[in-house]
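Right, one structure below, let's go through it.
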Amino acid sequence: MERRFLLKRSIVGLTSFLITKPFHGLSNSFATDLFRETDITITNAGVGGNNTIDLLNRIDQDCLALSPELTILMVGTNDMNSVKHVQLKTYEANLNEIVKEIIAIGSKVLLMSILPAFEPYLLTRHPSSFYDPEGVQGRRKQVNEVIKKVAAKQHVHFLDLGHRLSAIGKIGLDRDSLIQNELNSNKKDGIHPTANGYRFIALAVYDYIMLTKLPKNNIVCFGDSITKGDGSIMKDSYPAYLKKLLQDE
């Protein structure tokens, strides 16, 4: 009984000491760091107009040099839709190389499928023949199949964002579409998410990270304009909303 009492009193005394006294023998800065809430480091490494060739050209500086614990990668929209279109086999080879280089530095990788697009808007920028012979939806399906294939081959994580937005994103002309249109953004865009679209992506990524116990700090979000958003880590981009979710977790 007396022994339990002495032990309890010792614990209480030690707790009081730690709260009221500095750490003797340790620097004040170390003691401060010990109690400070850990900041979440997330880098928005999205660049508008990039395809897989561009990502390979800047991977050293914008991803590998940051030694991320987790790299979230979405790329393929420009490989599929823009004047930077590359053939599917080239896209697959490039994506495999990007993932291999990231794995080589010890980073976990979360690959994400590309998002659905509003076809009538796309066909105001490209003739339908640009998408021959598979068509817009057929080409997107092929790209996403390659992403899933690369994830399996490289043994990395895969999140099917495309399916989620196709199913419930209301992609079209409605104001509440999660992809930009004339009603919600005054643009015939059809490709880039709205602010709510970015919130949706961040929530999907956050839930996946928590479910699979992926690293929650030192994250690089690597990709094109869909990753970039407004270009910040504070406002309308999925990296910004993801940081808020993880910071407040």
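Computed from a predicted structure; not experimentally measured.
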(message) Looking only at side-chain N and O atoms, does D54 offer a donor or acceptor that is under 3.5 Å from a partner on N57?
(response) no

(message) If we count only N and O atoms by modelled type, under 3.5 Å, do the side chains of H192 and S225 hold a donor and an acceptor together?
(response) yes

(message) Taking S177's backbone N and O only, do any of them form a donor-acceptor pair with N184's side chain (distance below 3.5 Å, no angle check)?
(response) yes

(message) Whether the side chain of R164 engages the backbone of D160 through a donor-acceptor N/O pair (distance < 3.5 Å, no angle test) should be reported.
(response) yes

If you look only at distance, which donor and acceptor atoms sit under 3.5 Å apart when one is on a side chain in residues 118-125 and the other is two or more places apart or in another chain?
residue, atom, partner, partner atom, Å
E119, OE1, Q137, NE2, 3.4
Y121, OH, E182, N, 3.3
T124, OG1, Y121, O, 2.5
R125, NH1, K188, O, 3.0
R125, NH1, D189, O, 3.2
R125, NH2, D189, O, 2.9

(request) Taking side chain to side chain donor-acceptor pair (under 3.5 Å) as the test, write out the residues that go with D230, two or more places apart. (result) S232

Less than 3.5 Å apart, which donor and acceptor atoms pair up between the side chains of residues 144-151 and the rest of the protein, not counting sequence neighbours?
residue, atom, partner, partner atom, Å
N144, OD1, I114, N, 2.8
N144, ND2, I114, O, 3.4
K149, NZ, E92, OE2, 3.0

(request) Verify, without hydrogens or angle tests, whether S113 (side chain) and L161 (backbone) share a donor-acceptor contact under 3.5 angstrom. (result) yes

(message) Tell me which pairs pass side-chain hydrogen bond (donor to acceptor under 3.5 Å, both in side chains) where either residue lies in residues 96-107, with sequence neighbours left out.
(response) T71-S107, N96-Q154

(message) Can you list everything that forms a side chain to side chain donor-acceptor pair (under 3.5 Å) with T77? Sequence neighbours excluded, please.
(response) none

(message) Tell me whether N218 contacts the main-chain N or O of S67 through its side chain, where contact means a donor paired with an acceptor under 3.5 Å.
(response) yes

(request) Could you tell me whether a side-chain N or O of N51 sits under 3.5 Å from a main-chain N or O of K84, the two making a donor and an acceptor? (result) yes

(message) Quick check against the 3.5 Å criterion: does Q180 have a side-chain atom that pairs as donor or acceptor with the backbone of P193?
(response) yes

(request) State whether the side chain of R139 and the backbone N or O of E134 hold a donor-acceptor pair below 3.5 Å, judged by distance alone. (result) no

(message) If the condition is salt bridge (Lys or Arg N to Asp or Glu O under 4.0 Å), which residues does D62 pass it with, not counting sequence neighbours?
(response) R58

(request) Tell me yes or no: between the side chains of D236 and Y241, is some donor less than 3.5 Å from an acceptor? (result) yes

(message) Please give me the minimum heavy-atom distance between A45 and V220, naming the atom from each residue.
(response) CB-CG1, 3.9 Å

(request) Examine distances only and state if a side-chain atom of N217 and a backbone atom of T41 form a donor-acceptor pair shorter than 3.5 Å. (result) yes

(message) Let's go through N44 and Y238 carefully: what are the C-alpha distance in whole Å and the side-chain angles of both, what is the deciding distance for side-chain hydrogen bond (donor to acceptor under 3.5 Å, both in side chains) to 0.1 Å, and is it a yes or a no?
(response) CA-CA 9 Å; N44 185 341; Y238 92 74; over 6 Å; no

(request) Keeping the roles fixed (side chain from N181, backbone from D174), state whether a donor-acceptor pair exists under 3.5 Å. (result) yes

